[in-house]
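The structure under discussion appears below in the form of structure tokens.
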Amino acid sequence: MTQKIQRHWLVWPTVLAGVMAILWLVVIAMYQVDPVYLISDKLVTLLVIFVIYLIAYIRTKEHLRAPWREVFHRKLAMIALIFISVYLVIALIDSIHFRLPLQKNTVTEQAQYETRVLSLFDVLVMPLRKRVEHSYSAPFASYGLAKETLELAAGREVRDYPRLRYGGTHLSDPNSQTLTDVARSLAKAGLITLVIWIVLVAASIYLLAWQQGQGWNEKRQQIWREQTIVPWRVVFATWGVVLFIITSLIILSADYHVFGTDKVGQDVLYLSLKSIRTGVLIGTLATLVMLPFAVLLGMMAGYFRGIIDDIIQYIYTTLSSIPGVLLIAAAILSIQLYIAAHKDTYTLVEKHSDLRLVFLCIILGITSWTGLCRLLRGETLKIREIDYIQAATALGVSHFRILSRHVLPNVMHIVLIAVVLDFSALVLAEAVLSYVGIGVDQSTNSWGNMINTARLELAREPAVWWPLLSAFVLMFILVLAANLFSDAVRDAFDPKLRRLSGRV
Amino acid sequence: MYAYIIRRVLYAIPILLGVNVLTFALFFWVNSPDDMARMHLGMKRVDQAAIVKWKQDRGYDKPMLFNPKASGIEQLTDTVFYNKTITLFAFDFGNSDDDRNINRDIQKRMWPSLAIAIPTFIIGLLFNITFAMLLAFFRATYVDIWGVISCVILMSVSGMFYIIGGQYLVSKLLHLVPISGYDHGIDAIKFLILPVTIGVISGIGAGTRWYRTIFLEEISKDYVRTARAKGLSEFRVLFRHVLKNAMIPILTGVVVVIPSLFMGSLITESFFGIPGLGSYTIDAIRQQDFSIVRAMVFLGSAMYILGLVLTDISYTLVDPRIRLE
């Protein structure tokens with residue numbers, strides 16, 4: 001009998017992180033790019049590494065795996081998770097920034113770079129970024145929205161809708177051909193999707209069967225009859241849908257502007273995809289920033305009581321009594337002045353808008369910190385009276401050790417639920433704040449900025465509705481998925497609520 | 001009980017002081033009054049004399065916290081912090097940076113805000129509780145499941161889309177009510193219908209789900225089983241027993257917002273062009289008028305604390321077992 005080698009749980013995440021780092025170095029060396037590390041990028045990297053280690057740790061502990069298994073058992077949660085993952089991947093790819101090299105300067109032999117900072121995502125969707133029209137054009141349009149004076153071959157001038165430079169140029173008569181052409185493209189996308197999907201699903205089933213020592217057929221039947229813990233049938237179906245959306249977007253945007261173009265002719269699809277990073281970052285980093293404070297102070301208030309409790313309670317009552325928007329406004333106004341006063345330090349536009357983004361995350365973290373702190377204080381107050389804490393105290397275990405070994409693991413579920421629940425609220429908050437003018441910088445792509453400009457565009461004649469629709473669809477999918485997923489997480493981790501959602 | 005209330009009100013003083021220190025730090029330490037003057041007079045082409053005058057007119061030329069030139073108690077009182085903070089406690093907000101009396105502005109602008117906030121609040125509350133009751137009545141059936149899913153969907157739409165969509169549909173396409181604006185007296189109604197409706201709709205998702213959870217928690221308690229065992233109809237159990245007992249958790253979330261109602265909603269008011277306190281605040285933020293923002297922060301905090309005290313008092317009214325000590 002061969003014995004399975006048990007590796008320490010730290011091994012594989014470290015290997016993974018190492019491989020990623022080496023890959024990055026290789027890419028830098030191969031393409032001669034100048035890496036740009038924005039503050040938010042560093043925070044994202046930190047977060048990713050933390051999550052990888054967390055997953056590795058959870059996998060080793062059966063009692064931590066159990067509630068997650070319940071989350072993954074839910075169909076709705078899995079569908080939501082797949083959509084969230086797509087957003088996360090785009091946000092991550094969009095967080096790898098660099099500057100492309102220019103032609104080498106032969107005189108100085110020094111490497112020269114473009115001034116514009118790009119992300120890996122920009123490079124992947126380069127055609128979308130480059131294909132800029134004159135001005136507005138509707139989705140799938142081949143003509144501009146406004147009439148322009150066009151010069152005919154004979155030297156006469158005529159006022160008509162101009163043909164777009166990139167949208168629908170392959171059509172001779174767009175008005176009659178667009179529909180069939182789009183349908184043909186969709187059919188093509190469907191076909192490609194089918195091929196990829198079959199390969200992907202077959203490979204997954206094979207992997208699953210191999211992992212659990214079952215036959216391929218046996219596993220396939222199990223999945224079809226939904227006898228697996230993870231509802232693979234639903235997962236595979238969702239993969240199909242997501243794959244179809246992605247391939248059809250790729251194929252269609254080669255010929256058209258799927259979501260039209262904005263005032264300066266930029267592709268709206270590109271803008272709204274770029275906004276994903278802002279939304280996801282605010283949703284995750286704001287919680288990351290607040291977490292240490294909330295956990296530490298909440299536990300300390302509940303555990304030590306007395307004067308420490310009074311001080312901490314005073315701090316969070318004061319903070320929570322200030323209307324959130326106003327506190328954010330005050331802080332953002334301050335940082336604006338700060339950036340204006342230190343213009344020389346932030347020469348790159350990206351750097352100063354990034355500073356504002358990070359600062360917004362911090363402020364949002366501070367305003368949303370109090371709720372979790374209060375919850376944790378209450379829970380710790382209860383836990384500290386339980387026998388095992390009393391026993392630990394009697395045995396002379398130090399306060400720090402009691403807090404970290406006995407209290408923290410028992411309040412972790414509250415922390416997790418708060419983090420997941422806050423995510424969607426933060427994404428929505430970004431839009432509102434950007435509208436008020438205290439959100440992310442004007443130059444940062446975000447759904448809030450898109451909605452803000454779209455509001456006036458809607459009043460135009462004819463109405464320009466596509467930027468709004470595009471922002472709406474992308475934001476709605478993310479927030480809905482996050483809400484559904486957080487529901488599942490809450491039900492799985494909070495036994496008190498689980499009772500309520502089931503049959504009474 | 002009165003002793004309790006007095007103690008709570010006294011406890012508000014250090015909190016409000018803390019709020020003031022915080023806003024003061026944010027506004028005056030991160031940005032010197034010189035920066036603010038430059039911001040207001042335009043970033044470029046500002047001569048020093050204009051800045052000095054701007055500061056003098058608004059009392060920003062004094063030392064921040066401690067005045068070494070003055071004598072005795074004046075060392076502390078003849079400072080920016082004292083002048084800008086202590087007057088707030090008397091609810092005297094002084095003048096805005098463009099020399100308008102903030103108190104008068106607030107008194108004038110609170111009425112439109114209230115005209116929107118109160119109907120939205122009451123109608124929304126009734127709607128949400130009714131829907132939540134329905135879902136609780138049909139719990140664990142398809143009505144409940146789809147009800148909850150619709151709530152999640154409603155929740156996932158940004159509030160701004162409700163407003164933009166509503167304005168586009170009702171005002172621009174159907175021409176039922178004006179897009180935005182406000183009028184005094186009875187004419188205001190046609191301007192209020194749309195914002196109130198949208199306010200109610202955008203709150204349904206989160207509200208209904210929240211109340212449903214409260215009701216379900218109550219339903220699982222013993223007295224409900226007793227009531228059913230007595231042979232009461234499910235309808236009667238829900239409306240006579242569960243609703244009454246659910247009042248405590250409901251009040252916790254509801255009463256605390258009542259005093260803040262007159263502060264208005266930033267987004268709704270600015271989209272509908274209603275001259276209330278919400279749009280006042282937004283304008284102040286956009287014009288970077290720190291005096292107004294500071295006044296609104298103070299007012300908001302005071303109202304929040306008042307809400308907390310009112311919540312405690314309302315407990316005693318609803319549940320005679322609770323005594324405040």
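Each chain gets a letter, A, B and so on, in the order the sequences are listed, and its residues count up from 1. Since the model is a prediction, treat every value here as computed from it, not as a measurement.
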- Item | Interface residue of largest heavy-atom contact number with chain B, from A:V427, A:D487, A:V325, A:I477, under 4.5 Å |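 Between A:V427, A:D487, A:V325, A:I477, the count favours A:D487.
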
- Query: With chain B, which of A:L76, A:L428, A:I322 has the greatest number of heavy-atom pairs at distances under 4.5 Å?
  - Reply: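 So the answer, after comparing A:L76, A:L428, A:I322, is A:I322.
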
- Task: For A:F423 and A:A482, work out which heavy atoms get closest and say how close.
- Result: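 Looking at all heavy atoms of both residues, the closest pair is CD2-CB, 3.5 Å.
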
- Query: Where do B:L154 and B:I204 come nearest, in terms of heavy atoms and distance?
  - Reply: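 Looking at all heavy atoms of both residues, the closest pair is CD1-CG2, 4.0 Å.
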
What part of [X] gets closer than 4.5 Å to chain A, counting heavy atoms only: side chain, backbone, both or neither?
X	value
B:L22	side chain
B:Y11	side chain
B:R225	neither
B:M160	side chain
B:M155	both
B:S270	both

- Angle class for the B:F215/B:Y211 ring planes (parallel below 30°, perpendicular above 60°, tilted otherwise)?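 B:F215 vs B:Y211 ring planes: tilted.
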
- Message: Would you say that more than 12 heavy atoms from the other residues, nucleotides or ligands in this model lie under 6.0 Å from the CD of A:Q442, or not?
- Response: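 No, CD of A:Q442 has 12 or fewer neighbouring heavy atoms, counting only those of other groups under 6.0 Å.
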
- Neighbour count above 12 (heavy atom, 6.0 Å) for B:Y168 OH: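 Count over threshold, so yes.
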
- Task: Can you tell which part of A:L319 gets under 4.5 Å to a heavy atom of chain B, answering side chain, backbone, both or neither?
- Result: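 A:L319 touches chain B through side-chain heavy atoms alone.
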
- Task: Would you mind checking which part of A:L480 comes under 4.5 Å of any heavy atom in chain B, side chain (CB onward), backbone (N, CA, C, O), both or neither?
- Result: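 Answer is both: backbone and side chain atoms of A:L480 are under 4.5 Å from chain B.
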
Considering only heavy atoms and a distance below 4.5 Å, find which of [options] pairs most often with chain A.
options	result
B:L266, B:I149, B:L17, B:V157	B:V157
B:G165, B:A284, B:G300	B:G300
B:P14, B:S260, B:G307	B:P14

Within the 3.5 Å criterion, strictly below it, is a donor on [X] or [Y] matched to an acceptor on the partner's side chain?
X	Y	answer
A:S470	A:S272	yes
A:S434	A:N452	no
A:S446	A:E430	yes

- For the ring pair A:Y435 and B:F271, is the centre-to-centre distance below 6.0 Å?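 Between A:Y435 and B:F271, the centre distance is under 6.0 Å.
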
